[in-house]
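Below: one structure, written as structure tokens.
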Number of protein chains: 6
Amino acid sequence: MTYDLTTIGEGQIRLTCERGERLSTARSLRMTAAGSEANVAGLLSELGRSTAWASKLPKGELADRIALEYSAVGVDIRHTVMTEEGRVALYFLEPGEFPLPGKVTYDRLHTPFRTITPEEFNWDALLDTRVVFLTGITAALTPETARVVRYFADAAVERGVDVALDVNFRSLLWTGEQARETLEPIARQSSILFCSRTDARVVFGIDKPDVQACHALREEMGVPTVVSTDGRAGTYLSTAEKDRIFEIHSVPVIDRPGAGDSFVAGTLHGWLDGDVEKGIQMGTKVAQIALTHHGDLTHVRPGELQTLQSSDIVR
Amino acid sequence: MTYDLTTIGEGQIRLTCERGERLSTARSLRMTAAGSEANVAGLLSELGRSTAWASKLPKGELADRIALEYSAVGVDIRHTVMTEEGRVALYFLEPGEFPLPGKVTYDRLHTPFRTITPEEFNWDALLDTRVVFLTGITAALTPETARVVRYFADAAVERGVDVALDVNFRSLLWTGEQARETLEPIARQSSILFCSRTDARVVFGIDKPDVQACHALREEMGVPTVVSTDGRAGTYLSTAEKDRIFEIHSVPVIDRPGAGDSFVAGTLHGWLDGDVEKGIQMGTKVAQIALTHHGDLTHVRPGELQTLQSSDIVR
Amino acid sequence: MTYDLTTIGEGQIRLTCERGERLSTARSLRMTAAGSEANVAGLLSELGRSTAWASKLPKGELADRIALEYSAVGVDIRHTVMTEEGRVALYFLEPGEFPLPGKVTYDRLHTPFRTITPEEFNWDALLDTRVVFLTGITAALTPETARVVRYFADAAVERGVDVALDVNFRSLLWTGEQARETLEPIARQSSILFCSRTDARVVFGIDKPDVQACHALREEMGVPTVVSTDGRAGTYLSTAEKDRIFEIHSVPVIDRPGAGDSFVAGTLHGWLDGDVEKGIQMGTKVAQIALTHHGDLTHVRPGELQTLQSSDIVR
Amino acid sequence: MTYDLTTIGEGQIRLTCERGERLSTARSLRMTAAGSEANVAGLLSELGRSTAWASKLPKGELADRIALEYSAVGVDIRHTVMTEEGRVALYFLEPGEFPLPGKVTYDRLHTPFRTITPEEFNWDALLDTRVVFLTGITAALTPETARVVRYFADAAVERGVDVALDVNFRSLLWTGEQARETLEPIARQSSILFCSRTDARVVFGIDKPDVQACHALREEMGVPTVVSTDGRAGTYLSTAEKDRIFEIHSVPVIDRPGAGDSFVAGTLHGWLDGDVEKGIQMGTKVAQIALTHHGDLTHVRPGELQTLQSSDIVR
Amino acid sequence: MTYDLTTIGEGQIRLTCERGERLSTARSLRMTAAGSEANVAGLLSELGRSTAWASKLPKGELADRIALEYSAVGVDIRHTVMTEEGRVALYFLEPGEFPLPGKVTYDRLHTPFRTITPEEFNWDALLDTRVVFLTGITAALTPETARVVRYFADAAVERGVDVALDVNFRSLLWTGEQARETLEPIARQSSILFCSRTDARVVFGIDKPDVQACHALREEMGVPTVVSTDGRAGTYLSTAEKDRIFEIHSVPVIDRPGAGDSFVAGTLHGWLDGDVEKGIQMGTKVAQIALTHHGDLTHVRPGELQTLQSSDIVR
Amino acid sequence: MTYDLTTIGEGQIRLTCERGERLSTARSLRMTAAGSEANVAGLLSELGRSTAWASKLPKGELADRIALEYSAVGVDIRHTVMTEEGRVALYFLEPGEFPLPGKVTYDRLHTPFRTITPEEFNWDALLDTRVVFLTGITAALTPETARVVRYFADAAVERGVDVALDVNFRSLLWTGEQARETLEPIARQSSILFCSRTDARVVFGIDKPDVQACHALREEMGVPTVVSTDGRAGTYLSTAEKDRIFEIHSVPVIDRPGAGDSFVAGTLHGWLDGDVEKGIQMGTKVAQIALTHHGDLTHVRPGELQTLQSSDIVR
């Protein structure tokens, strides 16, 4: 197979003011690329997997900016459709510092991605993969994107390709009920489902403590593997064999966005090797690494997953 | 009267990459405020005039960013309508360096300003002014903005307030014919009209060499004063008393946007004192100064208009 | 009334080296405006109050730098006297990092503000206000500034305008005895007095534990409301109705200067609404926010005072 | 065929101080990737060609830095050999400003690339290409690199793949005689030869004016196409059909390195389409664009080769 | 005597990416000078001691960069040999942020310093000093540097000059056995020996808890004074009179390299005054200060060693 | 003799905004050291001369900042008097860009240097030199500084040490008449006099064209060697043997301050070797180099004076 993982999602530009600045007075903004699915593909590519990311972008320097950042780490971006018209999705971030919360200003309406159709993409190429990765974010954008996500999932299942779904519920985009209606059919077809304990409650109405939520979700959806984060309380895994709780530890935050995507990528990295537990441990590590540097896309080399014990310099 | 000049127009955020960078690879962008009418009001305010700028902006940090920049130099921004919803107009600029042209990526669709109505603004306050300044840019945006521009012009004339119109034709926004249809009625009511020789041809069909274009436009529109730039060929003035050509000299460019607005502001500064010729000379100077520093808004102090002879440091 | 609050004080330029640099080797300095009274007026203006700040500055780019920063947030700076001669007050800050203390190098001698006289200011305008805000810093500078502070307080009382006094004792400028002699008459006329527990001891000889110091100060001065900070021990309030202790919590510090002024501004914001307790809570919040971004002037929008619970990003 | 062009060469890190700084006092350096052959492959990739670059680099962050920069624009870097040991080639650049010349400090000894052998590379993949691009720089480094360059050329010819050779004589690396001995056999097998008029004299002993040098070199080497730059005097082309001189125009320089490689890439872009004259015109343009932005690798999009007439912003 | 301390060691350039960046994607690097012995001489010079540092550097901007940084603080660098050929030692640092460890990429092979000989240096000048400072780093580089270190130590002892040795074992450079063979003869001649508890075990085979390791090392080597750091567990001192444990406290880290050298310099500062205990206290303080600012060389003024109690700003 | 040149003058901090910024809106300033005499000593030290600079500075980080910058290049600063009180002289520079002139805001009043007395300096050390360098700037500051300049000149002459005087008339500091009264006695004792053609007229009343002014000044003052700059018209030399005109060529300007001091330093470098004509050529070159980089102090290495022909990079 050509790819280990393929995915579809919107590419965005993130504009962030420096720590200690406010957007209302900042003079310069850091520009980075963003996109939940691209982040997952990018990190897996850095870890040695072959990945492709499909999107739709308006030709121009800003689309190039996004494409170059993911292409640099090895993601195959050739299946992305380039259009003559339209604007690039943006988001502005004021990182915040306690007690001021980080503040995101989304500016992603009216982009070409919102009106994608299944006819635009090269499914033969995108389905030549071990797993298809889909998220609730893309499903939430418009009816059109929801339709493409559903199409991608169905086509994968039809060809016997695994589907991985990250629920990633965004309350600014849709309601829990809308999310359930769209995502439940996909979840039921998935081989691995990522869904936080909060999202399990809001989207699927499962309100149980700790790993029980994860277990209940697996049973209700009939998914072989469910991975569920629960903030600082830990991460839960439920499979047919066992339920397990993984501890997590807080680390200092330099840049928050992308940490969740890094967790998903790390987990899929282990899962693709047949060991989802090792995957969650790697996901937890790369999520921590994600917090140490700027940008949605996390830069990590395979060797770094082994050597995270010490903050001292080796000489 | 409360104000020397009032105006209405869209406020924008400009995001510029540094000289020597391309947008496709830049890591940071300079953020400044923009808006042709706000630039004119801002510079006049720095020169000691009392000005107000009306707009419509979505509440949030980016709107604050715009408001703070013009408020800093003294523009009264209290007549700007703040809404709960919508996005801020943006434009990205790659400054370019010969032979690479500067490249602007506009991203100003779907903003609240595009659907303004006359009912939203406090005309009593905005008409308590010596002159109302209007531009073809705002008239070009949408039928709604065109209607408000027309309303503002009519109300001014009705109250005996002068109108100044800057044609400022933008081919990306409308055709010459559309521009003529909207702007001609306003031009005919204006006390002073700014229209480049190129725009005189494209919008009003007047295709004459040098100051003759300016003269013909004045006769055709019945405007007392017409000021017409013609690139490096010079600037033209036509009044009932005389036609005159003003030389201009090229200067090095650090940041191009805003220079034209600075010319208009400087000219209006003299015109408000009853001396449009002195105004054009001041406008030419401040336009040159505009090119020497970053940002659409030009920073200049009244004393600097007298002492521009030497590039040497006085000690 | 035109203003909610008017004040008088010196405007300064602050020059700060970056975190991780020392002034002795730094290559660039961050330039911001400073001035305790201007900070208070500026923050109140951002919170929606109408404010004016009077000062005296030597014409030039550095005075403009100060004026623009406070004007941007809406402070009326038109009552500031501009002179042809003199220098601008400066201070250099090396922020320090534990265990190296922050280090301030003041350079504020020989400025025009030090020789202000009551005759220079437009008292009719400055007294058209709900409250006059005065500080011990300005009173400490020179006999001339002390005389103007006293004049301002007397004139306010005469017209029935409230006076708010912030003792803000600076040991580098005067002794406790000198401070008492100058400030006690003003304190006795004040409607609200800000005085830390330490300053209560050093200036007024009141050496009592916790809120008792605040209470004793109120009784001794005959002031209706006394607000007293006591480092990490908390903040005290004493009014005729009650004495109260407010907890405070440490937050990470990005930039320390201006936090105290922000506390005062927030407290006055509530006090102007008739609720000094709510004011102290707001003051505590904005003081924390002040520590999160660079510059003496704190940028905060009214809505942010309600939503400070979480450091997570809302999506 | 998989690739349009494949090449081999050393990857380097360039460390440049800012304009107006000297290396002896600079506090920060701009880090970019470099490598003549990689620059050519990178630019062709941006213009839509499929390219691969082979090299040998020591595993680590600095090698990643190089790989990411070329991978971002689409160069296939998978044929590069990664080793456990060794250092990365560097060069420091002080850009200089008239009358101070730009100053390069090379630091490229003792790198793994210097001891490459033919056995290390995947020739089947690298020869699955329309043209193999080789340079005198790589041939000059060590006997081992010279041997690999020769091996690559021979293998290409054997399989009927075109060879393009850029003489690019570097006097710090070898003498003209040494260069001739190594390069002449390759030149004689080449389909297109790049050799400046100066290098024609120094390396091949051909000392003729203008296009005659180019013509003589073509005849002497028996190469179908010779392209020869001659500083500001112009660029020469000699083919069996004709000799031609192309004018060049000076443009302002922001960053010099990489302009020559860009010229070669642009010329090969046209030559691959069967039109070397159009190629030289494109090469001349992209070389000018190369001077407008930082870094050895030139960023240009296909459309920009058509629209280089004006330095004005189109709105 | 001309100097208080003289020393010999390699000068290096350190290239560091900013916090929140990774070397693999960073665009700019901070350039500072480095060198363990130069750091010690530099800090002592800032504290008022007369020092000289001998090295061997290849002429050029990068050597100038190193020389200027140490010369600025008063180190006499005139005994450093400048050669026509060779490269400057470098190291790249990715500072890391928990849980990502700081990562150093050394690039110090093939420098002229590695082949120094005793004949190259002006021993008369370098021995006109109160103490000669030597480190295990320089001894570890090559047999030639080891020979010069030994020569320097012997010559000092012969002239009755004290020797201070810092073992500073670097596992990347040599084994514990090699280190012992080279360093033991020097240690036995030293007046003061710096050796961490870990190095005591690895190099000298002394594996004892806390200050006992320090005591045992002193007895075994017959050195009058041994100072031994033990990470966060504390610092140990053993002299003929007593053994003592000094507490240390963690402080936030902005830049780690150079802290150990600063500890040594501070300790020697007290030791030169005859009070090694006061020295260790000063060393502990300056090591903490070293962590607060960028660069290997710590900037501290004598007065700052007295006033480290508070992180508050004194006004 | 210990020194080749000694001098006395005030040390200053220069604060400059970046090109394209205005002081009134800049957020960061570049901090460099300044001082005409220190600049001359610093450049001569870089060219291999032994120099000392005496001044008087208030202890603290800003004085350290000045001291470190000149000490770095080898100037002996130990004869500078450090005081407990006072402020450091500053100047702010807005570099300007045509047509906006560069603008300097001096802030150098009330510094300890203004009240220096001859008793404070170690004349034995300062007169152990080949030449004493004095300027009209220091003579112009206060009667006290004038007295010290005169004292230094007299003492030099008494011991047979050459005096070099740079008139460097500053109209903001004194009148031509005042300058003449103070400087003429020193000029008459000088071995070499630097005086621009303009200053010859304003200070000494010599109003002649080109080299005649220089010649007349030499005759009138009885000085062996007079060097006279005349803007772009050239540089003049008059000695007993001949009068000569040196051409100068304009070069692009990155940073203007310090170029004149560099010219003087370069000229003295040749003059100290007995060849003032070669000196003027070197001075002209280093003045041009001075314009290519930031800061008053020019960084140049001896070898660079030979190789200034080309702006191309040598590879």
Side-chain angles (χ1 to χ4, degrees), chain A residues 12 14 16-28 34 36 89 91-108 135-137 140-141 167-174 179 196 198-199 202 229 231-232 250 252-261 291 296, chain C residues 16-20 30-33 42-43 45-46 68-74 95 248-259 262 266 281-315:
Chain A
Q12 301 171 64
R14 194 224 302 187
T16 312
C17 65
E18 293 296 314
R19 188 179 181 244
E21 301 278 357
R22 302 220 59 179
L23 266 180
S24 56
T25 57
R27 290 277 174 87
S28 79
S36 191
Y91 80 92
F92 293 82
L93 176 66
E94 193 177 272
E97 190 74 16
F98 185 81
L100 209 57
K103 203 170 287 181
V104 172
T105 303
Y106 287 110
D107 184 9
R108 60 190 299 184
T135 76
I137 298 176
L141 290 179
V167 169
N168 220 337
F169 178 72
R170 297 284 168 92
S171 62
L172 299 177
L173 297 178
W174 57 0
S196 73
T198 303
D199 290 359
V202 175
T229 56
R232 293 174 186 170
S250 285
V253 177
I254 287 182
D255 188 70
R256 191 176 300 276
D261 301 329
L291 298 172
D296 279 54
Chain C
T16 312
C17 64
E18 293 296 313
R19 187 179 181 244
R30 183 183 290 265
M31 174 162 60
T32 48
L43 179 45
S45 181
E46 290 200 270
L68 263 66
E69 190 157 333
Y70 292 107
S71 185
V73 294
I248 68 162
H249 301 283
S250 285
V251 296
V253 177
I254 288 182
D255 188 70
R256 191 175 299 277
S262 296
Q281 286 165 333
M282 287 193 296
T284 305
K285 278 182 181 178
V286 293
Q288 289 178 326
I289 294 175
L291 298 172
T292 68
H293 57 273
H294 297 292
D296 280 54
L297 178 57
T298 301
H299 292 286
V300 65
R301 296 196 302 151
E304 291 175 325
L305 296 184
Q306 270 76 54
T307 60
L308 295 170
Q309 291 85 338
S310 156
S311 71
D312 293 328
I313 295 167
V314 179
R315 322 202 196 203

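Just so we're on the same page: letters track the sequence lines, and every chain starts at 1. Atoms considered below: every heavy atom in the structure, side chains included; atoms not considered: hydrogens, waters and symmetry mates.
With sequence neighbours excluded, the residues forming a ring pair (Phe, Tyr, Trp, His ring centres under 6.0 Å) with C:Tyr70 are C:Trp53, listed by chain and number. Partners of C:Ser262 by side-chain contact (heavy atoms from CB on, under 4.5 Å), not counting sequence neighbours, listed by chain and number: C:Leu43, C:Val286, C:Ala290, C:Thr298.
No donor-acceptor pair under 3.5 Å is formed between the side chain of A:Arg22 and the backbone N or O of C:His293.
Between C:His294 and A:Arg19, the shortest heavy-atom contact is NE2-O, 3.8 Å. Contact between C:Thr292 and A:Pro99 at its shortest, heavy atoms only, is CG2-CD, 3.9 Å.
Within the 4.5 Å cutoff, the side chain of A:Glu97 has heavy atoms near those of the C:Pro252 side chain.
For the atom pair NE2 of C:His299 and CG of A:Leu23, the computed distance is 12.5 Å after rounding to the nearest 0.5 Å. To the nearest 0.5 Å, atoms CZ (A:Phe98) and CD1 (C:Ile254) are separated by 13.0 Å. Of the inter-residue distances, the one linking A:Leu100 atom CG with C:Leu291 atom CG reads 11.0 Å to the nearest 0.5 angstrom.
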